[in-house]
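Input: a single structure, listed below in structure tokens.
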Amino acid sequence: MKLIIATRNEYKLQEIKAIFDFQGLEVLSAFDFPEIPDVVEDGDTLEANAIKKAVTLAKSTGCWALADDSGLEVHALGGAPGVYSARYAGEPCSYSNNNDKLLRELADESDRTAQFRTVIALSDPEGNSQTLEGVCAGTIIKELHGTNGFGYDPLFVPEGYIETFAELDSEVKNRISHRARALQKVQAFWSELLK
Ligand code: IMP
């Protein structure tokens with residue numbers, strides 16, 4: 001059986017490949033199908049984008065496909081930036097512009113709780129899909145700390161820690177992150193499917 005991962009991000013691909021180390025399963029990625037264009041991520045939820053990416057790839061390759069979409073959800077901002085996390089400060093924008101905007105929006109807020117959320121969609125070759133999610137709760141601090149990771153990592157302190165994701169070792173982040181938690185669920189789902 002073949003499973004195609006809907007990403008052209010080598011880092012994500014290696015992380016996912018390590019999880020899908022099942023006998024009889026060949027893991028490929030969007031890199032192996034350069035003729036298939038990337039889908040436009042125009043959904044208004046993480047679920048909609050993940051499903052669109054997985055279903056499009058599954059139907060056009062005739063294989064199972066997996067896609068993910070992640071975002072930062074801040075409670076005092078009604079869940080923003082959420083699905084718009086990558087382009088929160090407008091397009092084109094940098095991680096630094098996004099972090100600056102987040103700090104401005106939260107300047108007068110006492111509730112700084114937030115969560116990162118990943119939604120992973122799996123689609124069979126006919127386009128029947130299902131989603132699984134992983135969440136990592138934490139708080140947004142008032143200034144940037146640390147240089148590891150990417151995106152909002154320098155502002156996010158996960159629950160149970162005093163360092164930001166950008167100060168923690170990548171090994172720790174990769175164990176407790178929203179993406180890791182979603183992937184653990186997908187791994188359990190997939191091993192049931194292969195039984
Ligand atoms: P993607 O769906 O994984 O590409 O994530 C979309 C956007 O959410 C990224 O561009 C980041 O702004 C933010 N994001 C997702 N995961 C993380 C993370 O682990 N740390 C920091 N920012 C993240």
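Residue numbers start at 1 and run along the sequence shown. Remember, predicted model here, so these are calculated numbers, not experimental data. Indexing begins at 1, ligand by ligand and atom by atom, following the structure's order.
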min-distance protein heavy atom vs atom 8 (O) of ligand 1 -> S85 CB, 3.4 Å
So does K52 pair up with D42, basic N to acidic O under 4.0 Å?
yes
Could you check whether any heavy atom of F150 sits closer than 4.0 Å to an atom of ligand 1, since that is the contact criterion I want to use?
yes
For residues T113 and D111, is any side-chain donor paired with an opposing acceptor at under 3.5 Å?
yes
Is it the case that over 12 heavy atoms from other parts of the model lie below 6.0 angstrom from the CG atom of D108?
no
Output every pair passing ring pair (Phe, Tyr, Trp, His ring centres under 6.0 Å) with a member in residues 28-73, not counting sequence neighbours, ordered by first then second residue.
W64-W190
Atoms in ligand 1 with a heavy atom of D69 nearer than 4.0 Å:
2 (O)
Taking 4.0 angstrom as the limit, do R117 and E47 come out as a salt bridge?
yes
Is it the case that the side chains of S96 and N99 hold a donor-acceptor pair, with the cut-off being a distance below 3.5 Å and no angle test?
no
What about K12: any of its N or O atoms under 3.5 Å from an N or O on ligand 1?
yes
Relative to the heavy atoms of A86, which atoms of ligand 1 are at a distance of less than 4.0 Å?
7 (C), 10 (O)
Nitrogen or oxygen atoms of H178 and ligand 1 under 3.5 Å apart
yes
For L72, is the nearest heavy atom under 4.0 Å from an atom of ligand 1?
no
Looking only at protein heavy atoms, identify the closest one to atom 2 (O) of ligand 1 and say how far it is in Å.
S70 N, 2.9 Å
Nearest neighbour in protein (non-hydrogen) for atom 19 (O) of ligand 1
K173 NZ, 2.8 Å
Say whether Y152, considering both its backbone and side-chain N or O atoms, lies within less than 3.5 Å of an N or O atom on ligand 1.
yes
Please report which non-hydrogen protein atom sits nearest to atom 20 (N) of ligand 1, along with the residue it belongs to and the distance in Å to one decimal place.
D153 OD1, 2.6 Å
Heavy atoms from other residues, nucleotides or ligands near CD of E159 exceed 12 (cutoff 6.0 Å):
no
Can a side-chain donor-acceptor contact be found between T164 and H145 if the only test is distance below 3.5 angstrom?
no
